[in-house]
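Every chain is numbered from 1, with letters handed out A, B, ... down the list of sequences.
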Number of protein chains: 2
Amino acid sequence: MPRSSTAEERRRKLLPLLAAAFGSLGYRRATTAELASRCDVQENTLYRLWPDKKAMFLAAVDFLFLRRMDKWKAAIDKTHSEDSHAVRLIELTGEDLGENGLYRIIFAALNETDDPDIKYALQRLYLRYHKRIEEEIVRHRKLTGAHKAAEDDDTAWALIALVAFMNIALDLELMNGRKRQQFFSTIAIQLLHLSP
Amino acid sequence: MPRSSTAEERRRKLLPLLAAAFGSLGYRRATTAELASRCDVQENTLYRLWPDKKAMFLAAVDFLFLRRMDKWKAAIDKTHSEDSHAVRLIELTGEDLGENGLYRIIFAALNETDDPDIKYALQRLYLRYHKRIEEEIVRHRKLTGAHKAAEDDDTAWALIALVAFMNIALDLELMNGRKRQQFFSTIAIQLLHLSP
DNA sequence: GCGTAGTGTAAGTGCGCACTTACGCTACAA
DNA sequence: TTGTAGCGTAAGTGCGCACTTACACTACGC
């Protein structure tokens, strides 16, 4: 049997490109021809690495989520241990909103929720996301002793809602960048119930 | 010239059906064949009433938005003048979330924002929506004398964000109905800064 | 060297769908 | 009654796109 399998490695190399393509084009406009061209390979090659377009999409979703979590981890590692992670993450989110296309890909996926695989993947993603945020809220509230206006898990969902809408606002140009950032931090802080 | 134009009337009759179809199927899955079948006419007939599928879609968006506003008006008219409209509208939103497909159609449209017409229509819709909500927040705060934790317009955007996410949560079954309603009212009240 | 698993390239293929054409029928204005 | 604008019905048409096939080439195990 000749040539050791390099498929896994090739998948890893192509994923960021696929993710970027899906992120900026959405599901529909990201045609297989376009994906191939952006990866600088033939369509054929993609189909040798993934069974179909949906699989490429799901792999991309997963990749972007994990990359986002890595970014959070890196940001937190640079924070002093006694500072609030939550506040740092809010700043971070305000800054590189939409940068890596995670939300655009999620919104693209939301239109495919009739497909059970896609729906399940999104569900899992949101639940993991929620869990991660709730952890930080708990930590934040313990640290600051802030009086809770809502349960931690409700606050976590509310922050997720806020971020989702920030991306809508970005896409639709509902507010300019400065305003959007001010809006986000005002409301996020209010939700954490930290008097300014 | 024979037969007086009934086109306008037919459009009015078909719009609710179109809107329902787009609302439950999204843009992509709402094929022209499917639309025609749900309206119980031939595709041809639709094309005699609107120039193309996009026009049908935009008309449906507009229709749903106006219907939602009518519903609000009706709800408010039934409220005692000294009661808070805002609280009544929050209850209402919690109850018939997703009922008329407005949000599903908006999410469908969000994937078509590369089309300037669709983007512009959404922009206009959100800005009108925001303006309407802000009015109620101003009224509410004047009425209750609640101390503001955020500007009225920020609070209005935050409520819009919340409702948008409620619909995501509904689609993805992130929470059950009871939980979702509890979450929404808790956070909405917190945003209005009315102590419970 | 030789056979085979995998690679690059390119030309299909078939289907779903937005949109069109064709044509006969109907109701109204003249 | 007759001409015409609009209606119903049904059969296209063409194109974009997910996915496939074909085939020559290459690297590796034997």
### Query
Tell me the ring pair (Phe, Tyr, Trp, His ring centres under 6.0 Å) pairs involving residues 95-123 of chain B, sequence neighbours left out?
A/Phe107-B/Phe107
#### Entry: Proximity to DNA chain D (any heavy atom under 4.0 Å), residues of residues 29-37 of chain A only
A/Thr31, A/Thr32
### Message
If the test is side-chain contact (heavy atoms from CB on, under 4.5 Å), which one of B/Ile160, B/Leu170, B/Leu174 qualifies with B/Phe165?
### Response
B/Leu174
### Separation of atom CG in B/Leu25 from atom C1' in C/dA18, rounded to whole Å
16 Å
### Pairs touching residues 11-23 of chain B that satisfy side-chain hydrogen bond (donor to acceptor under 3.5 Å, both in side chains), sequence neighbours left out
B/Glu8-B/Arg11
### Query
Any ion pair linking B/Asp114 and A/Arg28 (charged N to carboxylate O, less than 4.0 Å)?
no
### Pairs involving residues 61-87 of chain A, ordered by first then second residue, that meet ring pair (Phe, Tyr, Trp, His ring centres under 6.0 Å) (sequence neighbours left out)
A/Trp72-A/Tyr129
### Query
Roughly, in whole Å, what's the span from CD in B/Gln42 to P in C/dG24?
17 Å
### Within 45° cone and under 6.0 Å: A/Lys53 NZ/CZ vs A/Tyr27 ring
yes
### Task
Could you check how far OH of A/Tyr27 sits from C1' of D/dG16, rounded to whole Å?
15 Å
### Message
Filter on side-chain hydrogen bond (donor to acceptor under 3.5 Å, both in side chains), then keep only pairs touching residues 155-164 of chain B, sequence neighbours left out; what's left?
### Response
B/His130-B/Trp157, B/Arg141-B/Thr155
### Query
Rounded to the nearest Å, what distance is computed from the CG atom of residue B/Asp40 to the P atom of nucleotide D/dA10?
12 Å
### Summary
To the nearest angstrom, the CG-C1' distance between A/Leu18 and D/dA18 comes to 15 Å
### Query
Is it true that B/Asp77 and B/Arg88 make a salt bridge, defined as a side-chain N closer than 4.0 Å to a carboxylate O?
no
### Query
For DNA chain C, which residues in residues 43-58 of chain B have a heavy atom at a distance below 4.0 Å?
B/Glu43, B/Asn44, B/Tyr47, B/Arg48, B/Asp52, B/Lys53
